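Keep in mind the model is a prediction, meaning the values are calculated, not measured.
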Amino acid sequence: MPNSLLNILTRPILAVLLLLLCQMNNAYAETNVRASVDRNQVSSEETFTLSLVADSILFSGEPDVSALDADFHIINKQQSSRTNIINGKVNSSRQWDYTLVAKREGTLTIPALPMGKYKTRPITISVSKAAKSQQANSDSIYLESDITPRNAYVQQELQYTVKIFTSVNILDASLDAPEVDNAVVEANGEQRYQTLINGRYFQVIERRYSIYPQVSGTLSIPSLTLQARVEGYRPSMLDPGRLVVKRSGQHRVKVSPPPAEFTGSVWLPAKEVEIEESWSKDPDKLKVGDSVTRTININADGLLGSQLPALPIIDLQNAKLYPDQAKIEKGDEQSHWTGIRSESLAIIPTRAGDFVLPEVRLAWWNTDTDSAEFAVLPERRFTVAPALANTSDGTASIGEIASNNATDKVNNPTADNDTAKANVVDSTQAYNSSLLWTVIAMLLLSNIAFAAAWWRGRHRPASPISAPESSTQNESKAFKSLERCLKIKAEHKELRNALTHWASCHFKRVMTLSEIAKAIPELEEPCRQLDAHLFSGQAITIDPSTIINAVKKARSKPAAHLAEPALSPLYKS
């Protein structure tokens, strides 16, 4: 093999080995161990799987599972390892899977198991008495189904379980999901395990569903039909298997309307509801003009995310608010929440001072205790500091001076008024003096720059003079650019730039979106939407015809004279 080809083949391998060596110490230092089971509720004759995981392939040794012998039989053990390299970061793990059977009924605990110098967390298992099925005396395959509770409220979660028991190999099978009138059905996954019934081992395929009745009365859960082909008594390559058709039982649930004691505006029957908030940064460290995002999650156990209500609208003075679209989610396997509603709000304070976000209170009905409860997020208070001026000598800004004067006045309400006035005058005079010297320095620098430019101009050879482009031509080009953006449906940022550029050419001064909205009332709504998209990334829909018609109407009239703003805009549109 040529050396060049050998180098090409070995370079990636060497790079991966080097990357693994660089990550060895970090991988060992960040080792975490954890234990989990595939089911927390089993019968005394059912198997379940205990998984022990070490988040590092460098983990040495074996887990010490001797403590399991007190309450469990270890039927089988499997070991596996995994390594992933994503963007140069190595993630590796080792996993041990143990198939267990409980030795007795009741509430059993898998204790904290040693894994090297680490320990896992204890896990509680509920072991019930094994059900003796009347169908299992001769059938090699059959269905069982169950639903809980049998009495529920409207929109309350019902847990429906279907189990396929088989003692023979299934070659092909189909079982449709339940279809229930006047109810919402959600699939909750599938599990497989073994169980011993009357001395025979059965493979169990368990499917779980959540059913939410939408009307009160009697809810009927129809029977399900299983169609399967199983191995014949004398299996062969030419035998397609024998066809088996099995049906589950029917169920009826009494569904009650919301109780009269419930006074909430939205009916929420659940096992648990909580409200939590998170911030993109500490709100107590905000200054005027800063942006912060507050996210509120409504978490529910026993409800869908679509059942959870929207949060009340907040009116916060001296701040701009930009709400984002709500996110409806379903809880993952690591969480017991079944439904999550998440709402985010971008807040930009426009004045310094104290702010108060009101309490959020949500009424819900506890289906475990059959009583009304409230999920509460307490009110949130935070203080916004003034925006600091960039001063080279470390002196305080105008906002700080005003804040300090106000604080002195509150802390010393009996202070002499003449002294307070003198302090304000001294502060104002100091600021005016500093401003005066700044203006004088700027005038001197501009005069020196003008003299230098005049001196260079005298000694520079004359160049042909071209006629400057008229403001009318500039406005016409800007209008054509805006038309093109609207026609091709350009991105919002490009459209915002094209609109402000045309307005600046038309009105002959720099224009922001808010100033365009005041000058051309027909553009107020598009400008507000573009402004909201600028600060919070809020999804918006712009009507091109509205903008182009308003712009054409404005072009047909002479541009009104607009006064220059006192200060440049804080944010350029």
Side-chain angles (χ1 to χ4, degrees), residues 153-157 184 186 210 212 214 258 261-286 290-332 335-351 353-367 371-384 525 528-529 531-541:
Y153 289 107
V154 64
Q155 297 184 359
Q156 179 181 344
E157 180 188 35
V184 176
E186 291 281 333
S210 292
Y212 300 87
Q214 301 299 300
E261 305 95 283
F262 184 75
T263 58
S265 58
V266 179
W267 169 241
L268 298 175
K271 297 178 181 177
E272 185 178 359
V273 176
E274 77 168 22
I275 307 176
E276 60 181 7
E277 68 172 1
S278 61
W279 295 79
S280 60
K281 56 185 176 183
D282 189 353
D284 290 317
K285 296 182 180 180
L286 290 178
D290 289 349
S291 175
V292 65
T293 300
R294 182 201 197 195
T295 302
I296 298 179
N297 288 342
I298 305 177
N299 306 320
D301 181 11
L303 290 172
L304 296 173
S306 57
Q307 293 177 271
L308 301 175
L311 295 173
I313 298 176
I314 296 176
D315 183 16
L316 191 62
Q317 294 183 353
N318 301 325
K320 291 184 178 180
L321 304 179
Y322 298 98
D324 200 357
Q325 188 174 2
K327 296 180 181 179
I328 307 299
E329 300 175 341
K330 186 176 182 180
D332 54 26
S335 170
H336 68 282
W337 305 119
T338 58
I340 301 173
R341 181 185 178 91
S342 179
E343 295 190 16
S344 296
L345 178 68
I347 304 174
I348 303 177
T350 57
R351 290 187 61 184
D354 295 330
F355 289 79
V356 180
L357 294 171
E359 174 190 81
V360 180
R361 180 177 290 266
L362 183 62
W364 62 284
W365 189 265
N366 191 324
T367 55
S371 61
E373 294 190 16
F374 290 91
V376 179
L377 180 66
E379 70 174 14
R380 186 66 163 86
R381 295 177 177 269
F382 60 94
T383 303
V384 176
E525 180 61 20
R528 186 196 64 78
Q529 292 182 344
D531 192 33
H533 178 75
L534 170 65
F535 284 106
S536 63
Q538 178 179 338
I540 60 174
T541 302

- prompt: When rounded to the nearest 0.5 angstrom, what distance separates CD in E276 from CD1 in I298?
  reply: 10.5 Å

message: If we count only N and O atoms by modelled type, under 3.5 Å, do the side chains of S342 and N297 hold a donor and an acceptor together?
response: yes

- prompt: Taking atom CD of Q317 as the centre, does the number of heavy atoms from other residues, nucleotides or ligands within less than 6.0 Å exceed 12?
  reply: no

- prompt: Is atom NZ of K327 surrounded by more than 12 heavy atoms (other residues, nucleotides or ligands) closer than 6.0 Å?
  reply: no

task: Using atom types as modelled and distance alone, determine if a side-chain donor or acceptor of W267 lies under 3.5 Å from a backbone N or O of V154.
output: yes

message: Determine whether a donor-acceptor pair (N or O, by modelled atom type, separation under 3.5 Å) exists between the side chain of K271 and the backbone of L303.
response: no

field: Test item: I347 and W279 side chains (from C-beta on) under 4.5 Å apart, heavy atoms
entry: yes

message: Let me confirm one number: the CZ-OG1 distance from F374 to T263, rounded to the nearest 0.5 Å.
response: 5.0 Å

Atom NZ of K285 with >12 non-hydrogen neighbours under 6.0 angstrom: no

- prompt: Do NZ/NE/NH1/NH2 and the carboxylate oxygens of R361 and E359 come within less than 4.0 Å?
  reply: yes

query: Which atoms form the tightest heavy-atom contact between V273 and A270, and what is the distance?
result: CG2-CB, 3.8 Å

Exercise: do D354 and T383 side chains pair donor with acceptor under 3.5 Å: yes

- request: Please examine the side chains of P309 and L268, heavy atoms only from C-beta on, and report whether any two atoms are closer than 4.5 Å.
  value: yes

message: Just verifying a value: how many Å separate K330 NZ and E186 CD, rounded to the nearest 0.5 Å?
response: 5.0 Å

message: Tell me whether the count of non-hydrogen atoms from other residues, nucleotides or ligands lying under 6.0 Å of CG in D315 goes above 12.
response: no

query: Listed by chain and number, what are the salt bridge (charged side-chain N to carboxylate O under 4.0 Å, His left out) partners of E261, not counting sequence neighbours?
result: none

- line: For D301 and W337 the tightest heavy-atom approach is N-CE3, 3.7 Å

message: Quick check for you: to the nearest 0.5 Å, what is the distance between L316 atom CG and I348 atom CD1?
response: 12.0 Å

message: Restricting to non-hydrogen atoms, name the atom on E157 and the atom on S210 that form the minimum distance, rounded to 0.1 Å.
response: OE2-OG, 2.7 Å

query: Roughly how far, to the nearest 0.5 Å, is the CG atom of N299 from the CD atom of E272?
result: 9.0 Å

- prompt: Would a distance-only check, ignoring hydrogens and angles, find a side-chain to backbone donor-acceptor pair under 3.5 Å from Q214 to Y212?
  reply: yes

task: Heavy atoms only: give me the nearest A300-L308 pair and the separation to one decimal.
output: CB-CD2, 3.8 Å

- prompt: Would you call L357 and E277 a side-chain contact if the rule is heavy atoms closer than 4.5 Å?
  reply: no

query: Does V266 reach the side chain of L362, with side-chain heavy atoms less than 4.5 Å apart?
result: no

field: I314 vs R294 side-chain heavy atoms within contact, under 4.5 Å
entry: yes

field: Exam field: side chain T293 to backbone L345, donor-acceptor pair closer than 3.5 Å
entry: no

query: Do you know the tightest heavy-atom contact between R341 and G305?
result: CB-O, 4.4 Å

task: Could you pull out the closest heavy-atom pair between E343 and A310, with the gap in Å?
output: OE2-CA, 3.3 Å

query: Where does the angle between the aromatic ring planes of F382 and F355 fall among parallel (under 30°), tilted (30 to 60°) and perpendicular (over 60°)?
result: parallel

task: Report yes if some heavy atom in the side chain of Q155 is under 4.5 Å from a heavy atom in the side chain of V184; otherwise report no.
output: no

